[in-house]
A.B. asks: 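Take this structure, written in structure tokens, and hold onto it; I'll ask about it next.
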Amino acid sequence: MRQHVTPLLSPAVGTRRELTSFHFGETARGQTDSQKIYIQASLHADETPAMLTAVLLRRRLAALEAEGALASEIVLVPVANPVGLSQHALGQFIGRFELGSGKNFNRHFIDLAKLAGDVATRFGSDAQENKAMVRDALRSGLAAQKPLTEFESLQLALLTLSFDADVVIDLHCSLEAAMHLYTSEAAWPEFEPLARYLGAEASLLATDSGGQAFDEAHSLCWWALQQPLPDSTPLATGIIATTIECRGQRDVAYEIAQQDADAIVEFLRARGAIRGEAKPLPPLRAPATPLAGSEQFYAPVSGIVVHRAQIGDTIRAGDPLFDIVDPLTDETTTLHSHTDGVFYMRRAIRFATAGAPLGRVTGARPIRTGVLLGA
Ligand SMILES: [Zn+2]
């Protein structure tokens, strides 16, 4: 295991932060059968369950490396957001948005397809050679970036560590949630085993959720480059990426973090990135559904939120999910599901202001368009 430190742009005189990455196995570059796996945790800094999973994963990867069991290069960034990690206001940990700018740390990553420029005009007939050309273009494009802010330098540092990976796993957590993951339709067949090992209760698919999040910065780049190509100049997909929500923010426990770290190791074994036989695939707990099919619930009025369903519950259309009780008039408003699905996440609030988002249930039919992710 090698430890690497990337200094971030200093935001103010006398202040400097750095991004630490751990590198396992041999570098994959130049060997056609070798993979590079990139795993990061807690890009929204206050995502401690993901961080603990990364700690336990690092221990396992170090042991596997010592046994000579790694058949790939694995890069692990347990603290993907040292900037957000230091943001505390009035006793609250605020990791999702940069306090100074209000920007979400996991939105608006650089458009890598644009960064690759006109590389497609030089493509030949070999899909693998074209893939290598794209990676070269991305390498030089990223190296030429001049970030203006610490925020931009953090996003650039993460992309620089990950752009040439074959597999990107971005570990987050939600507010109060069941284990669930996001990926693209194209990558789902490859991540389906990971959903099984993790025991994911929802797998949400979208090609473009509209936010240019970290996982989609990678997957959309290759998808966008592939779309206009004629058959004569094929492009092999360079990267598959997924965002995993390691349950809710308070679900920090050795047992479940170990379970999640072990699941990732089994997935990497099944892919041949770690030597040895993978454990038999557990059943998929719930079929994948379109992210556009998830129903979002908003409080139509303000009041006390009383939950009528538990996280992970299987929901039928018509089932009550939330009561909102007006403490002055005693009027109770009940919100019901319009879809059959899994109640996979909800906000960690017990009092709602009017219009506040409350939670989501999966659905098999697309019902939403536009930006599919929350702010
Ligand atoms: Zn997150």
Side-chain angles (χ1 to χ4, degrees), residues 19 38-55 57 76-89 92-99 101-109 151-152 154-155 157-159 161-162 168-184 187 191 194-195 198 200-206 208-220 241-252 256-257 260-261 263-264 291 294 296 311 344-349 357-360 362 371-375:
L19 187 71
Y38 176 85
I39 304 169
Q40 70 177 24
S42 51
L43 177 54
H44 293 121
D46 52 349
E47 298 180 323
T48 329
M51 215 180 277
L52 185 60
T53 294
V55 170
L57 192 56
L76 178 67
V77 180
V79 178
N81 184 357
V83 180
L85 211 57
S86 65
Q87 295 187 156
H88 297 262
Q92 300 295 313
F93 188 172
I94 299 170
R96 187 172 181 82
F97 303 95
E98 189 190 39
L99 275 177
S101 65
K103 285 182 182 167
N104 184 324
F105 284 105
N106 192 24
R107 296 289 184 274
H108 308 297
F109 276 85
F151 183 99
E152 287 177 7
L154 173 65
Q155 290 199 331
L158 297 171
L159 289 178
L161 285 167
S162 57
V168 163
I169 298 176
D170 194 7
L171 300 171
H172 290 241
C173 72
S174 191
L175 300 162
E176 293 181 0
M179 166 58 80
H180 63 282
L181 62 84
Y182 299 88
T183 191
S184 61
F191 281 122
L194 180 59
L198 286 167
E201 306 206 41
S203 299
L204 301 152
L205 308 186
D208 184 1
S209 315
Q212 196 71 2
F214 183 74
D215 59 348
E216 286 189 0
H218 291 295
S219 56
L220 263 181
T242 181
T243 292
I244 295 170
E245 303 285 351
C246 300
R247 304 173 195 81
Q249 269 182 332
R250 295 167 73 151
D251 296 322
V252 180
I256 51 176
D260 296 346
I264 293 168
L291 178 57
S294 287
Q296 301 210 65
I311 280 302
Y344 65 97
M345 69 85 70
R346 68 187 184 199
R347 300 265 317 281
I349 55 171
L358 297 174
R360 295 181 176 198
T362 62
V371 176
L372 300 174
L373 297 170

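In each ligand, atom 1 is the first atom listed, and ligand 1 is the first ligand listed.
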A.B. asks: Closest approach of Ala202 and Thr362, non-hydrogen atoms and distance?
C.D. replies: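 In this case the closest contact between Ala202 and Thr362 is CB-CG2, 3.7 Å.
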A.B. asks: Would Glu245 and His180 count as a side-chain hydrogen bond (donor to acceptor under 3.5 Å, both in side chains) if you check the C-alpha gap in whole Å, the side-chain angles of each, and the deciding distance to 0.1 Å?
C.D. replies: CA-CA 5 Å; Glu245 303 285 351; His180 63 282; 4.9 Å; no
A.B. asks: Check the Zn ion (ligand 1) and write out every protein N, O or S atom at under 2.8 Å, as residue and atom.
C.D. replies: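 Listed by chain and number, the atoms are His44 ND1, Glu47 OE2, His172 ND1.
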A.B. asks: Looking at Ser162 and Val168, what are the two nearest heavy atoms and their distance?
C.D. replies: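 Between these two residues, the closest heavy atoms are O-CG2, 4.2 Å.
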A.B. asks: Mind checking what makes ring pair (Phe, Tyr, Trp, His ring centres under 6.0 Å) contact with Phe151, not counting sequence neighbours?
C.D. replies: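 With sequence neighbours excluded, Phe151 shows a ring pair (Phe, Tyr, Trp, His ring centres under 6.0 Å) to Phe105, given in chain and number order.
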A.B. asks: Between Arg346 and Glu176, is there a salt bridge with N-O shorter than 4.0 Å?
C.D. replies: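 Arg346 and Glu176: salt-bridged.
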A.B. asks: For residues Leu205 and Ser184, report the shortest heavy-atom separation together with the two atoms involved.
C.D. replies: CD2-O, 4.2 Å
